[in-house]
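Read the numbers this way: they start at 1 and go in the same order the structure lists the ligands and their atoms. Basis for what follows: all heavy atoms, side chains included, without hydrogens, waters or symmetry-related copies. Positions are given from 1, in the same order as the sequence printed here.
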Amino acid sequence: MKVLVVGTGGRDHAIAWKFSQSPRVRRVYVAHGNAGIARTAECVNLRTIEEMADFAEKEKIDLTFVGPEKPLSAGIADLFLSRGLNIIGPNQKASRLESSKCDAKVMMRDLGIPVPEFENFSDPEKARDYIRSVGYPVVVKADGLAAGKGSLVCDSVEQAEEAVRQIMEERVFGDAGQRVDIEKRLYGRELSFFCFTDGYTIVPMVAAQDYKRARENDEGKNTGGMGSYSPHPWLNDPLVKTIMSRVAEPLIRGVREKYSILYRGILYLGLMLVEEGDDVTPYVLEINIRLGDPEAQVILPRLKTDLVDISEAILAGDLKRISPEWDPAYRLCLIATSGMTKGKKGWYKGYPDRYKIGLPIEGVENIDPDCLVFHSGTELDASGRLVTTGGRVLCVVSSGATLGEAREKALLEMEKIAFEGIYYRKDIGLQ
Ligand code: GLY
């Protein structure tokens, strides 16, 4: 069969790689991909969801799988389904769960799902009054999509007021800042929890630990993710049961019954586990409608079941027949980013602040074939050299019987990669 993967980043490379492993897949296309993805699949330069649907129709694509949230929020699933094309990913109405932090929180509160105390505001003055009134630290979130950077965790009233100013008045995240969700800051253990769902049956995946902060010891700004590993040390069967019964099941059933949303595809719950008496309550900090990046880079290599079989079961509304098998060995992902470099007019601070692009990348060919290399921001320049095009450039995914073994391997292999200003966190997987 022919598969089309929509996306351009490391997660999307991992999805394309996973499909390329399937004996049932003859050809994998990626729209629009990058230089690394082009080594795994055939990249096609399709930019709009209409172009993608036209391509899927013309090329008789059997299955399309969507990596990022933007095309889903733009309605790619609705468009494909209206044209009789098979696609994995929630529809536009379901995508509101990620594309509006404010609406998602209201829905979850209505459905009795644990969420931090919160209020939504479209007036910055009222938002500031609220911050001064509550008497506890808050997190200020831009309502719309902000590439994973729209949540500002605040230690003080002053910081929270500044967050409102940046998001709503300076509009550092553009129109995503028309409204804000201000929620009580919770303290506990963060966990990214992923499921497949056909809108009725929910099948949990293994979990991954993501590292969002740019610098070691979880310091520095929030990024899209600097590394990850799986299995997650905290996720055991009782906790899976708690998350399923208190969050995933009421959410999927609730949006179907109360909001007429048939949620099909991937569900990603960003949770804060808070100990309350003898219990652990899984509070939902955010919902994403897709696989995580860089969580997919460690979860998909552990998935032994064919992703085509899972996708077909989702499309047929028959997911109950699937029990995915997982490799128990650890996977660890280190992301190489565009770090500090000197420009003509001074220094570039590096991702997630400004960074230089177009820098030649050396050493990818020398990586041990036991490891995987997924690309996020690379292209071939006019002379065919591999160069950087983004803040997150590429990642190395290692495996090991223990987390320590996987970590050492990834660090050793990453030393073979070189580009000006390369930066990666050396504490990924260090507990
Ligand atoms: N790793 C965070 C995200 O994918 O949003």
### Task
May I ask you to identify, for Glu295, whether its side chain, its backbone, both or neither come under 4.0 Å of ligand 1 on a heavy-atom basis?
side chain

### Message
List the residues meeting ring-ring contact (aromatic ring centres under 6.0 Å, His included) with Phe118, not counting sequence neighbours, and say none if there are none.
### Response
none

### Message
Just to be sure I'm reading this right: ignoring hydrogens, which of Arg290, Glu69, Glu98 gets closest to atom 5 (O) of ligand 1? Compare them by their nearest heavy atoms.
### Response
Arg290

### Query
Do Arg215 and Tyr423 meet the cation-pi criteria used here (NZ or CZ under 6.0 Å from the six-membered ring centre, within 45° of the axis)?
yes

### Message
For the 3.5 Å polar cut-off, considering only N or O atoms, please tell me whether Asp210 and ligand 1 meet it.
### Response
yes

## Note on the structure
If you scan protein heavy atoms around atom 2 (C) of ligand 1, the nearest is Tyr268 OH, 3.3 Å

### Task
Enumerate the atoms of ligand 1 whose separation from the nearest heavy atom of Gly224 is less than 4.0 angstrom.
1 (N), 2 (C)

### Summary
Quick note, side-chain hydrogen bond (donor to acceptor under 3.5 Å, both in side chains) partners involving residues 254-274, not counting sequence neighbours, are Asp110-Tyr259, Tyr268-Glu295

### Query
Is the shortest distance from a Lys or Arg side-chain nitrogen in Arg128 or Glu169 to a carboxylate oxygen in the other one below 4.0 Å?
yes

### Asp306 and Ser22: CA distance, side-chain angles, deciding distance, side chain to side chain donor-acceptor pair (under 3.5 Å) verdict
CA-CA 6 Å; Asp306 194 328; Ser22 167; 2.7 Å; yes

### Query
Can you list the atoms of ligand 1 that are under 4.0 Å from a heavy atom of Gly292?
4 (O)

